[in-house]
Visitor: 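I'd like to ask some things about the structure below.
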Number of protein chains: 2
Amino acid sequence: MKSLRNLFEDGLRDIYYAEQKILYALSEMADAAKEEQSKNAFSLHREQTEGQIERLNQVFKMVGQEAKGKACPAIDGILKEGQEMLNEYGDSPALDAGLIAAAQAVEHYEMARYGTLVTWASQLDLGEAADLLDETLQEEKLTDDLLTQLAEEIANPEAAESQS
Amino acid sequence: MKSLRNLFEDGLRDIYYAEQKILYALSEMADAAKEEQSKNAFSLHREQTEGQIERLNQVFKMVGQEAKGKACPAIDGILKEGQEMLNEYGDSPALDAGLIAAAQAVEHYEMARYGTLVTWASQLDLGEAADLLDETLQEEKLTDDLLTQLAEEIANPEAAESQS
């Protein structure tokens with residue numbers, strides 16, 4: 001019979017797969033972005049992602065499981081929309097606004113998953129794992145706030161100027 | 001040249017498609033959930049979704065566009081994971097914990113999209129549309145908080161009890 005412990009371990013594998021995909025996507029987004037500040041935001045998020053993967057490696061060790069991913073159709077779909085944004089708005093001044101929106105969809109997916117994992121880890125008396133996962137959750141929330149600020153200050157006025 | 005206005009209208013179509021899919025998925029989740037309180041939470045969210053679609057119809061009218069959806073691979077992927085949860089945990093006491101996690105991934109996707117749409121509507125001086133979209137955004141945040149509470153109070157202790 002599957003239990004909360006199975007849910008927790010499946011959840012770890014889901015987000016482990018997602019983080020690897022996100023790592024790759026953020027490099028592409030940093031390359032594609034037009035504004036320096038957007039490029040920097042995506043590069044910073046990429047560095048954070050490396051640290052978040054390292055924390056997941058530690059959590060897998062804590063629960064005695066091999067660190068490995070499990071296909072996650074959710075992140076595949078979210079990143080596919082980011083790719084469509086690049087294809088459709090690649091030449092547009094609205095590109096950065098679109099890329100930031102795509103990155104925020106990624107952030108929110110991570111917030112949902114890490115939020116759940118923190119709750120489950122606490123429920124399973126895995127306090128140390130809960131703390132590590134919560135560090136990542138707090139980072140994600142902060143990054144999402146920074147992206148909102150960036151969208152309001154830079155990318156959107158830039159995109160609105162292109163109105164005809 | 002594509003502009004912020006195009007981004008906004010594409011975003012409306014993306015979430016319009018997503019809401020229709022969510023409407024259907026929430027019915028399935030309400031049917032499948034084991035606990036009465038989970039069933040009620042999913043049913044309530046389903047009713048809210050109907051109101052949110054009605055608000056989107058109004059926003060489409062405000063911007064002079066036909067209300068229609070645009071395929072959204074992100075929500076398709078997120079809901080696919082919910083379906084996998086049903087298949088893998090259908091017989092487990094941890095099912096409700098898993099379904100709530102799936103519903104929170106949906107909530108977060110909606111928060112990301114509505115958050116972006118509110119910002120873009122304001123930037124485009126579509127104040128009335130921004131207000132309507134913000135009503136939905138606030139509903140989503142509240143529902144997410146309620147689901148967190150439900151997970152902590154009911155579904156997870158239920159699932160943890162099944163530990164062997």
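Letters go in sequence order (proteins before strands), and every chain restarts at 1.
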Visitor: Could you report the tightest heavy-atom contact between B/K34 and B/G90, atom names first, then the distance?
Guide: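 Looking at all heavy atoms of both residues, the shortest contact is NZ-O, 3.1 Å.
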Visitor: Give a yes or no answer on whether the side chain of A/N6 reaches the backbone of A/S3 with a donor-acceptor pair at less than 3.5 Å.
Guide: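 It does hold such a pair.
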Visitor: Taking salt bridge (charged side-chain N to carboxylate O under 4.0 Å, His left out) as the definition, give me every residue that meets it alongside A/K80, ordered by chain and number, with sequence neighbours left out.
Guide: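 Residues passing salt bridge (charged side-chain N to carboxylate O under 4.0 Å, His left out) with A/K80: none at all.
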Visitor: Test B/L99 against B/E35 for side chain to side chain contact (heavy atoms under 4.5 Å, CB included), laying out the working first.
Guide: CA-CA 11 Å; B/L99 288 179; B/E35 298 291 321; over 6 Å; no
Visitor: What are the two closest heavy atoms between B/A94 and A/L7, and how far apart are they?
Guide: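 That would be O-CD1, 3.5 Å.
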Visitor: Residue by residue, scan residues 40-69 of chain B and write down, ordered by number, those that have a heavy-atom distance under 4.5 Å to chain A; if none do, write 'none'.
Guide: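 The list, in residue order, is empty: none.
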Visitor: Pairing donors with acceptors under 3.5 angstrom, does anything connect the side chains of A/D145 and A/T148?
Guide: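 Side-chain D/A pair, A/D145 to A/T148: absent.
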Visitor: For chain B, which candidate among A/P73, A/A101, A/G98, A/G11 shows the most heavy-atom pairs at distances under 4.5 Å?
Guide: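 Top option by heavy-atom pairs under 4.5 Å: A/P73.
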Visitor: Write out, in numerical order, the residues from residues 104-121 of chain A with a heavy atom short of 4.5 Å from a heavy atom in chain B.
Guide: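 Within residues 104-121 of chain A, the residues that come under 4.5 Å of chain B (heavy atoms only) are A/Q104, A/A105, A/H108, A/Y109, A/M111, A/A112, A/R113, A/T116, A/T119, A/W120.
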Visitor: Restricting to non-hydrogen atoms, name the atom on A/A25 and the atom on A/L79 that form the minimum distance, rounded to 0.1 Å.
Guide: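 Heavy atoms only, the tightest pair is CB-CD2, 3.7 Å.
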Visitor: Which heavy-atom pair separates A/D96 from A/S38 by the least distance, and what is that distance?
Guide: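 Closest heavy-atom pair between A/D96 and A/S38: OD2-OG, 2.7 Å.
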Visitor: Pick one of side chain, backbone, both or neither for A/D14, based on which atoms fall under 4.5 Å of a heavy atom in chain B.
Guide: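 Interface part for A/D14: side chain.
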Visitor: For A/D10, what residues pass the side chain to side chain contact (heavy atoms under 4.5 Å, CB included) criterion, not counting sequence neighbours?
Guide: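 A/D10 satisfies side chain to side chain contact (heavy atoms under 4.5 Å, CB included) with A/K2, A/R13, A/K70, B/E88, B/Y89 only.
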Visitor: Return the option, out of A/G82, A/S122, A/C72, A/A71, with the maximum number of heavy-atom pairs under 4.5 Å with chain B.
Guide: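 Heavy-atom pairs under 4.5 Å are most numerous for A/C72.
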Visitor: Has B/K39 got a side-chain atom pairing as donor or acceptor with B/D31's backbone, closer than 3.5 angstrom?
Guide: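 Indeed, once roles are kept as given, a pair shorter than 3.5 Å links the two residues.
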Visitor: Any idea which heavy atoms bring B/M1 and A/P93 closest together, and the distance?
Guide: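 Nearest heavy atoms, B/M1 then A/P93: CG-CD, 3.7 Å.
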